[in-house]
Colleague: 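Below you'll find the structure I mean.
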Amino acid sequence: MSEVDVQERRVEPGGWHDAVRALKEDGYSFFDWLSAVDETDAEPTTSDPATSEPGPGFEVVCHLIDTHLPLRRVLLHTRVEDGAALASVTDLFAGAGWHERETHEMFGIGFEGFDDGTGMGLRPLLLPEGFEGTPLRKSFQLASRASKPWPGAKEPGGDQAGPAKRAPRRRLLPPGVPDESWGPRGDEADSSPGGGG
């Protein structure tokens, strides 16, 4: 079987919904997934937006497949500024509801027009009741890191100082070999004064 070619396309956030609709009409009728990547630390763009990388924000990616032979796949990208919302595609693909809820919960990205048929809007999906924060953002502080230090050799992104050295481990003897409390071993007894030999 030959490898399936994957196209990548980029649209402005305002054209997100129309681009997904156009792809669906072009045969990309299988919605695979939608997610985001925190790129809020990206360098701001200063040149022509058509030729440069997008500035800081959240990279939202949607993967669609045309299941007719030969298979075609497309990754649709857009960059959403922090605090901005993106048009929901739940009216085009009902399965997008789960993915948009997860992306909202993990990154805090809003989806305008979200409707998964429940009338309950964007709501928690994976995190426990009462959880505060958006854990896949780079700025999210893990509670375990606040309560105890990082156990690794060095703090990620920090200094090169490592943890204190541990005492060496006690040497373990094979099963059936008595420890030193049983007296000298055969090779030690032969070399001692008055020993055998």
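Values below: all heavy atoms of this structure, side chains included; hydrogens, waters and symmetry mates excluded. Counting begins at 1 with the first residue of the sequence. None of these values were measured; they are calculated from a predicted model.
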Colleague: Could you work out the complete set of other residues in the hydrophobic cluster of V37, with links drawn between I, L, V, M, F, W and Y side chains under 4.5 Å apart?
Modeller: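 Direct or chained contacts put V37 with none.
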Colleague: Please step through salt bridge (charged side-chain N to carboxylate O under 4.0 Å, His left out) for the pair E59 and R10, ending with a clear verdict.
Modeller: CA-CA 10 Å; E59 185 78 3; R10 176 169 294 283; 2.5 Å; yes
Colleague: Does K138 use its side chain to pair, donor to acceptor, with the backbone of D38 at less than 3.5 Å?
Modeller: yes
Colleague: Under 4.5 Å between side-chain heavy atoms, chaining through other members, with only Ile, Leu, Val, Met, Phe, Trp and Tyr counted: pull out the rest of the cluster around V6, sorted by chain and number.
Modeller: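 Cluster partners of V6: W33, V61, L75.
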Colleague: List the residues meeting side-chain contact (heavy atoms from CB on, under 4.5 Å) with R72, not counting sequence neighbours, and say none if there are none.
Modeller: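 D26, Y28, D66.
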Colleague: Any side-chain heavy atom of L127 sitting closer than 4.5 Å to one from M106?
Modeller: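 Yes - at least one pair of side-chain heavy atoms lies under 4.5 Å apart.
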Colleague: By side-chain contact (heavy atoms from CB on, under 4.5 Å), which residues pair with A87, not counting sequence neighbours?
Modeller: H17
Colleague: Given side chains that start at C-beta, do those of V80 and W16 come closer than 4.5 Å, heavy atoms only?
Modeller: no
Colleague: E100 side chain to V89 main-chain N or O, any donor-acceptor pair under 3.5 Å?
Modeller: yes
Colleague: Can you measure from CG (D32) to CZ (R73) and round to the nearest 0.5 angstrom?
Modeller: 8.0 Å
Colleague: Give a yes or no on whether Q7 atom CD has more than 12 heavy-atom contacts from other residues, nucleotides or ligands under 6.0 Å away.
Modeller: yes
Colleague: Identify the heavy atoms of A19 and L76 that sit nearest to each other, and give their distance.
Modeller: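 What the structure gives for the nearest pair is CB-CD2, 3.9 Å.
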Colleague: Is any side-chain heavy atom of D91 closer than 4.5 Å to a side-chain heavy atom of D115?
Modeller: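 In short, these two side chains do not touch, never coming nearer than 4.5 Å.
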Colleague: Which pairs pass ring-ring contact (aromatic ring centres under 6.0 Å, His included) with one or both residues in residues 86-105, sequence neighbours excluded?
Modeller: F31-F93, F31-H99
Colleague: Distance from L136 atom CG to S35 atom OG, nearest 0.5 Å?
Modeller: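 Here the interatomic distance stands at 7.5 Å.
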Colleague: In sequence, state the C-alpha distance, the side-chain angles, and the governing distance for R137 and D82, and then conclude on salt bridge (charged side-chain N to carboxylate O under 4.0 Å, His left out).
Modeller: CA-CA 11 Å; R137 283 185 176 222; D82 193 4; 2.9 Å; yes
Colleague: Would you say the side-chain atoms of S88 pair up with the backbone N or O of F111, donor to acceptor, closer than 3.5 Å?
Modeller: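 Pair absent, no side-chain N/O of S88 close to backbone of F111.
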Colleague: Would you say that F114 contacts R101 through its side chain, given a criterion of any heavy-atom pair below 4.5 Å between the two side chains?
Modeller: yes
Colleague: Give a yes or no on whether E8 atom CD has more than 12 heavy-atom contacts from other residues, nucleotides or ligands under 6.0 Å away.
Modeller: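 Enclosed: over 12 neighbouring heavy atoms sit under 6.0 Å from CD of E8.
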Colleague: Restricting to non-hydrogen atoms, name the atom on F107 and the atom on T134 that form the minimum distance, rounded to 0.1 Å.
Modeller: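 F107 and T134 have their closest heavy atoms at C-CG2, 3.7 Å.
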Colleague: Please check this pair: side chain of T78 against backbone of V11, looking for a donor-acceptor N/O pair closer than 3.5 Å.
Modeller: yes
Colleague: Might you point out which heavy atoms bring T90 and G113 nearest each other, and give the distance in Å?
Modeller: OG1-O, 3.9 Å
Colleague: Indicate yes or no for a side-chain donor-acceptor contact from K24 to the backbone of L92 under 3.5 Å, with no hydrogens or angles considered.
Modeller: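 Checked: pair present.
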Colleague: Not counting sequence neighbours, which residues clear salt bridge (Lys or Arg N to Asp or Glu O under 4.0 Å) with D5? List them please.
Modeller: none
